[in-house]
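Worksheet: one structure, shown below.
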Amino acid sequence: MKIGIFTSGGDAAGMNPAIKAFVELAIENSFEPYFIYDGLEGLIDGKIEKADFHMVAGILHRGGTILRSSRSKRFYDKKYRQKAFDNLEKHGIERLIVLGGDGSFRAMDVFYKEFGINFAGIPVTIDNDIYGTDYCLGVDTALNVIRHLLDNIRDTASSFGRAFVVETMGRSCGYLAIVSAIASGAEICIAPELEVDFEGIKKRLKREIENGRTYILAVVGEGSNMTETVRDFLLNELKFDTRVTVLGHVQRGGNPTIFDRLMAYKFVECAIEHIKENIHHMVGFKNSKFYLIDIDSVANNKYKLDDFLIKLAQTKAV
Ligand code: F6P
């Protein structure tokens with residue numbers, strides 16, 4: 001049986017280890033692995049090639065994706081989905097493994113319903129915002145990148161007695177902001193899941209300043225759209241010399257951590273184990289176990305951040 005793999009949407013560290021695991025485990029299980037380049041765009045354009053061991057040598061430690069990625073507008077159009085299906089038929093590819101986020105899975109949900117293409121999705125996004133899984137591949141690496149940068153900013157903030165507002169990615173999900181604020185001991189955390197009380201923050205930090213606090217670190221998730229508001233607050237209400245750092249795409253790069261390398265193998269192993277079945281599922285990781293969840297359910301439900309994390313971070317928003 002021929003199985004194709006592609007990476008889609010925002011890239012994340014862990015994609016390359018997963019591609020390597022795919023080639024190794026597919027061959028070990030007597031499947032024929034195929035690469036599809038440039039995500040759904042490449043599927044439409046027929047950028048498909050048979051894969052072999054030598055093509056995944058020396059990629060395990062690299063961020064990004066050797067298959068490249070895209071966000072395909074054309075795939076919304078049935079005529080291009082038909083082209084994508086024809087390309088799969090032409091190569092005799094009967095199954096797909098899709099590394100991507102919720103946008104990619106919504107697209108695959110439609111593709112499966114129209115053409116009956118069987119596939120296994122592996123959740124990969126630094127946002128950690130996919131329903132049905134506690135963990136998305138790449139999140140550990142992104143958090144470690146952010147942690148490193150926040151530690152650096154704290155150094156200079158303390159030297160100058162300044163306030164820093166650091167904006168993290170994550171779209172409408174505050175996971176990156178919340179976990180990194182907790183893990184870096186930030187004084188303020190603002191995220192879509194948190195209720196913000198600026199008066200409360202002011203009182204709390206004024207007390208701390210009276211007791212010797214000389215600098216402030218605020219972590220703001222991009223989805224809250226409050227980076228400038230927090231900057232103005234620190235400047236005008238707390239009278240701090242304030243700087244803003246938008247971390248941006250540095251969060252998407254970097255060598256995958258040990259955890260992401262291991263998780264890549266485990267996600268792919270579960271996908272390969274079930275790939276012969278009538279599969280249109282995502283491999284989820286819940287309560288420390290890998291399992292399959294129907295793609296329809298993934299595509300039509302919203303991820304909810306862990307209550308315990310919200311509770312911890314809420315103390316930094318008031
Ligand atoms: O979904 C991953 C992500 O990095 C988000 O956190 C961010 O909002 C978005 O992608 C950025 O998208 P682009 O790479 O298209 O600028």
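Note that this is a predicted model, so its numbers are computed, not measured. Hydrogens, waters and symmetry mates are skipped; everything else that's a heavy atom, side chains included, is used. Every number for a ligand or one of its atoms is a count from 1 in the order of the listing.
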Checking Arg162 against Tyr215: charged group under 6.0 Å from the ring centre and within 45 degrees of the axis?
-> no
What is the ring orientation for Phe290 with Phe285, classed by angle as parallel under 30°, tilted 30 to 60°, or perpendicular over 60°?
-> tilted
Look at the aromatic rings of Phe111 and Phe75 and report parallel, tilted or perpendicular, splitting at 30° and 60°.
-> perpendicular
Are Arg147 and Asp151 close enough for a salt bridge, meaning some N to O gap below 4.0 Å?
-> yes
Output block, N or O contacts of ligand 1, threshold 3.5 Å exclusive:
unit_1   : atom_1 : unit_2 : atom_2 : d
ligand 1 : 1 (O)  : Asp127 : OD2    : 2.7
ligand 1 : 1 (O)  : Arg171 : NE     : 3.4
ligand 1 : 4 (O)  : Arg252 : NH1    : 2.8
ligand 1 : 6 (O)  : Asp127 : OD1    : 2.7
ligand 1 : 6 (O)  : Gly170 : N      : 3.0
ligand 1 : 8 (O)  : Glu222 : OE2    : 2.5
ligand 1 : 10 (O) : Arg71  : NH2    : 3.1
ligand 1 : 10 (O) : Arg252 : NH1    : 3.1
ligand 1 : 12 (O) : Arg71  : NH2    : 3.0
ligand 1 : 14 (O) : His249 : NE2    : 3.0
ligand 1 : 14 (O) : Arg252 : NH1    : 2.9
ligand 1 : 14 (O) : Arg252 : NH2    : 3.0
ligand 1 : 15 (O) : Arg71  : NE     : 3.2
ligand 1 : 15 (O) : Arg71  : NH2    : 3.4
ligand 1 : 16 (O) : His249 : NE2    : 3.0

Do the side-chain N and O atoms of Tyr175 and Glu193 include a donor-acceptor pair separated by under 3.5 angstrom?
-> no
Tyr76 atom OH, over 12 foreign heavy atoms within 6.0 Å = no
